[in-house]
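Being a predicted model, the structure only gives us computed values, none of them experimental. Each chain gets a letter, A, B and so on, in the order the sequences are listed, and its residues count up from 1.
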Amino acid sequence: MSGADELEALKASFYARHEPRLAAAFQSAVVAIAGAGGLGSNVAALLARAGVGRLIIADFDLVEAHNLNRQQFFIDQVGLPKVKALKDNLTRLNPLSRYDIYQTKLEPGNFGEILGDAHILVEAFDEVQAKIELAEFWLSSFPEKPIIMGSGLGGIGGNNAVRTEKITDRMYVCGDGVSDVDLYPPLAPKVALVAAMQANLVLELLSGDRPGD
Amino acid sequence: MNTIHDLDTSTLQEDETVSLDQLLAQHGFKPELVMVRLDGAIVKKADLGRTPVARGREVKVYQLVGGG
């Protein structure tokens, strides 16, 4: 079997459990993830598993051991740039998609250049002011493209308080809205819960089905 | 989720307007920590001071918290 044949066989196998229309929609999609920490790394892993064709991921930070309680990295990656470690991990679980990584601090001056190709933006910043800055930029620069934010993912418990809020036709917020990580140190389950909501909403939007409010 | 706050504009006089940043201050919100939706559209932080609000306008404030 030639390399191209092997790739096609792998692709067919990878997407075997997808509805064909969803496989096509996901493969042609471009999703940007602003931040590769707790939310960002988990969202990236989920979207890679779902077969989203291209992910754009930006973060300036390095992997540290204390990240491992919630972020999609491994002990032997401590010290590496998060985006590089994440790309390695994503490629291992889904080599069929494209991962464009930027080891840089996202700022208003480069938001458009780095994130602008995306059909949907997932916000995964730590700081509130940065979240707001990004949202304002995206909503005014790309008013037709959705942004899915995260707010309230600290601590444990409170499953039923975690939800998705539709703020405008193009802006959503996932989280419980109150558990600031400075007050409630983050742990994997709740962070992953919020990240899963973000990722699931991405897929819903890509499917073309109207998301439930 | 108690992150969404409706700001009451019914108490404004018929011919009275206040700017959005004044309205936020009256209700104890810090502009740098919230997003404001006026009649369905998000208002940029830079525009809060020059966006007048009259009685009856729908103002919603979304508080965000840190973490990601």
More than 12 non-hydrogen atoms from neighbouring residues, nucleotides or ligands closer than 6.0 Å to [atom1] on [X], yes or no?
{"X": "Arg92(A)", "atom1": "CZ", "result": "no"}
{"X": "Phe73(A)", "atom1": "CZ", "result": "yes"}
{"X": "Ile156(A)", "atom1": "CD1", "result": "no"}
{"X": "Lys84(A)", "atom1": "NZ", "result": "no"}
{"X": "Asp76(A)", "atom1": "CG", "result": "yes"}

Side chain of Arg37(B), backbone of Ile167(A): donor and acceptor closer than 3.5 Å?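 Yes.
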Nearest-0.5 Å distance, [atom1] of residue [X] to [atom2] of residue [Y]:
{"X": "Met35(B)", "Y": "Thr168(A)", "atom1": "CE", "atom2": "OG1", "result": "8.5 Å"}
{"X": "Tyr62(B)", "Y": "Met149(A)", "atom1": "OH", "atom2": "CE", "result": "12.0 Å"}
{"X": "Ile42(B)", "Y": "Arg170(A)", "atom1": "CD1", "atom2": "CZ", "result": "14.0 Å"}

What residues of residues 23-40 of chain A make heavy-atom contacts with chain B at a cutoff under 4.5 angstrom?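 Within residues 23-40 of chain A, near chain B: Gly37(A), Gly38(A), Leu39(A), Gly40(A).
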Can you name the nearest heavy-atom pair linking [X] to [Y], along with the distance?
{"X": "Leu64(B)", "Y": "Ile132(A)", "value": "CD1-CG1, 3.8 Å"}
{"X": "Val65(B)", "Y": "Ser151(A)", "value": "N-OG, 2.9 Å"}
{"X": "Glu32(B)", "Y": "Gln129(A)", "value": "O-CG, 3.4 Å"}

Lys45(B) versus chain A, the contacting section by heavy-atom distance below 4.5 Å: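 The answer is both parts of Lys45(B).
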Selection residues 118-134 of chain A - residue pairs positive for salt bridge (Lys or Arg N to Asp or Glu O under 4.0 Å), sequence neighbours left out: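 Qualifying pairs, neighbours excluded: Glu123(A)-Lys131(A).
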What part of Ser140(A) is in contact with chain B, defined as an atom under 4.5 angstrom from a non-hydrogen atom: side chain, backbone, both or neither?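 When you check distances to chain B, only side chain atoms of Ser140(A) fall under 4.5 Å.
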